[in-house]
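Only one structure is covered here, and it is reproduced in the block below.
No hydrogens, no waters, no symmetry mates; every other heavy atom, side chains included, goes into these values. This chain uses plain numbering: 1 for the first residue, then up along the sequence. For ligands, and for the atoms within them, numbers begin at 1 and follow the listed sequence.
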Amino acid sequence: MTVPPAPVRVRLAPSPTGFVHIGNVLVALVDAAIARQAGGTLVIRIEDTDQKRFVDGAEELIYESLHWLGIEWQEAPDRGGPFAPYRQSARLPLYQEHAERLIAQGDAYRCWCSPDRLEQMRFAQQAAKLPPKYDRRCLGMTEAERKALDGYTPDSVVRLRMHDSGSTTFTDPIRGTLAFENGLLDDRVLLKSDGFPTYNLAVVVDDHLMRITHVVRGEEWLPSTPAHLRVYEALGWDPPLIAHTPLLLNADRGKISKRRHPWANMQWFRDQGFLPEAVLNYLGNLIAFVPDTENPAPGVARELFGFDEIAAHFNLASIGPSGKVVDIDRLDWLNGQYIRRMSVEDLAVKAAPFLAAAGYDVNTLPTYRAALALEHERIKRLSQAPQALSFFFDDEEYDPAMLVPRGATAGRALELLDGAIAVCQAVAESGDWTVSTLDDRFRAHAEARGLTTGKLRGQLFGVVRVGSTGRTATPPLFDTLAVLGASVVLRRLSVARNHLESLAAIDGPPAEGQ
Ligand code: GLU
């Protein structure tokens, strides 16, 4: 097979099932990279001939997902083009016409076998350990002849007649030359009884008529390719270059299951607050080696890059046929890198919908940006913003026992807290509720109270931390107190004081020396 001449035309042929699989997105990225590299055209063709699977809004979801990632296309149902219509359901006469031509040439035939008969045939083949394929009961028969036999139905389909012997070979740029023994290949259905084509007919007719030069699809379609090549041959058409991308695997190197791996669904990445740049970068890593230009050394890849770099360094042949593990931890890391590089202002805008979905209205928190700035480095997904920031919005419930530092009693914690409240009051009265003043005054206080070891100071700060935030882990304490503001801190510390009083009452008076 020779490489087809320019102009390069690639296509993405999604079925509108309402679910955009991450594997299809990878294929879309490969398509877009091929088109960009060659200055070619990316076509989106909607393969909606399986009416049972039709889902409202599914087509929009496909456009939206690609758009979100920054993948651009030139021809599609939503924008037209020279080969319109781009929705297969609007092209039915074309498929019927080609099916008729194949029948007239003897390359396809009608089949009147009932679903029951086909099922029995499959059972018998299974029992005899034979490859599952149609036994050609209808081949060479007129309808009248076939009707005389059992297992007949008037609803005929059209089947492709495969060759009886020899083999079908083709060269996949990702996998090399592949050969299929014709004798093992099934006479697949091309046209269904309702007049709709199957994928196997429609895909070939459309790829040819739309002048597609490169077909890229997932490995799961590989078994269909010999049938497609047979259709190309029978219609006297040159096939395009056909490449099958490797499967995406889970961390255990197993197949992705929609049920066990929610990230099989592209929507998940958006819902979790991954940034499109990070997802694109991650997928780009699976298909292109982008050298690090700042630290040029053989085999050293650049970590952060965008579509331009993917398109510049992408090479179909180097993708390799083996499955690609999707490592969500790595994606989290990458997403965190992109989040860190954003301005707080940008992050504030992007995190706001996630906070709103969790019930936090950012307009009610004047210190929203300052609070976000404190969490900026820790947030890996935007969906973590509500959990990271909730204590800035609300006085949260917590277990009062958390106020008692390890190795201390409630009475001792109360003493530490009283000291801290006095410090906070003094700072509040000074009118200088800032990180540096809080820091200075607390350190002076610790010194004065003899809290000179790390452990003792840690106990003091621990009580203040839990009392003011309800958490044991927060951003740096004085920054947090500064953003929370004096009145919130004093209110929360007084609630904490009540908790500790109750705990101390249960515990009894502090023992000597504590
Ligand atoms: N409609 C098929 C799909 O949903 C297209 C496969 C192909 O690209 O040929 O993936």
Side-chain angles (χ1 to χ4, degrees), residues 4 8-35 40-55 58-63 65-66 71 73 75-77 83 85-92 94-95 160 170 172-175 178 188-192 196-232 237 239-248 255-256 258 264-267 283 287 316 319:
V8 165
R9 291 176 55 82
V10 287
R11 85 329 186 242
L12 186 67
S15 301
T17 60
F19 183 97
V20 179
H21 194 282
I22 180 74
N24 290 120
V25 176
L26 185 74
V27 169
L29 182 58
V30 171
D31 283 335
I34 296 175
T41 302
L42 175 56
V43 177
I44 298 184
R45 182 177 68 232
I46 298 294
E47 303 214 321
D48 59 349
T49 57
D50 191 349
Q51 297 284 300
K52 286 193 295 285
R53 293 171 70 203
F54 187 80
V55 178
E59 197 178 309
E60 287 66 32
L61 187 68
I62 295 164
Y63 300 143
S65 305
L66 295 176
I71 292 181
W73 59 95
E75 296 171 26
F83 300 93
Y86 292 94
R87 230 175 249 122
Q88 289 187 328
S89 57
R91 301 169 62 84
L92 299 183
L94 279 171
Y95 311 126
L160 176 65
F170 79 100
D172 178 319
I174 298 178
R175 287 153 207 277
L178 303 168
R188 294 189 181 211
V189 173
L190 295 179
L191 205 63
K192 295 178 275 187
F196 274 75
T198 61
Y199 160 67
N200 294 308
L201 176 61
V203 76
V204 173
V205 169
D206 287 343
D207 284 340
H208 176 75
L209 296 180
M210 295 180 177
R211 308 218 181 126
I212 299 302
T213 55
H214 296 58
V215 165
V216 180
R217 55 180 168 234
E219 183 178 321
E220 65 277 20
W221 299 103
L222 190 55
S224 307
T225 297
H228 301 174
L229 292 171
R230 173 76 181 100
V231 177
Y232 279 105
W237 297 339
L241 205 71
I242 307 179
H244 298 87
T245 55
L247 289 180
L248 293 180
K255 270 178 99 171
I256 302 174
K258 282 192 197 173
N265 188 345
M266 191 57 204
Q267 189 61 36
L283 294 175
I287 58 164
L316 203 48
I319 294 179

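- Across every non-hydrogen atom of Tyr63 and Ile46, the tightest pair is OH-CG1, 4.1 Å.
- Put simply, the side chain of Ile242 reaches to within 4.5 Å of the side chain of Arg217, judged on heavy atoms.
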Intermediate values then yes/no, side-chain contact (heavy atoms from CB on, under 4.5 Å), Leu222 and Leu178: CA-CA 10 Å; Leu222 190 55; Leu178 303 168; 3.8 Å; yes
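- Listed as neighbours of ligand 1 are Arg11, Ala13, Ser15, Asn24, Glu47, Tyr199, Val203, Arg217, Trp221, each bearing a heavy atom under 4.0 Å from the ligand.
- Side chain of Thr245 to backbone of Val27: no donor-acceptor contact under 3.5 angstrom is found.
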Assess the residue pair Asp207 and Tyr232 against the criterion (side-chain contact (heavy atoms from CB on, under 4.5 Å)); give the C-alpha distance rounded to whole Å, side-chain angles, the decisive distance to 0.1 Å, and a yes or no. CA-CA 10 Å; Asp207 284 340; Tyr232 279 105; 3.5 Å; yes
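- When every heavy atom of Leu61 is checked against every heavy atom of Phe19, the shortest pair comes out as CD2-N, 4.3 Å.
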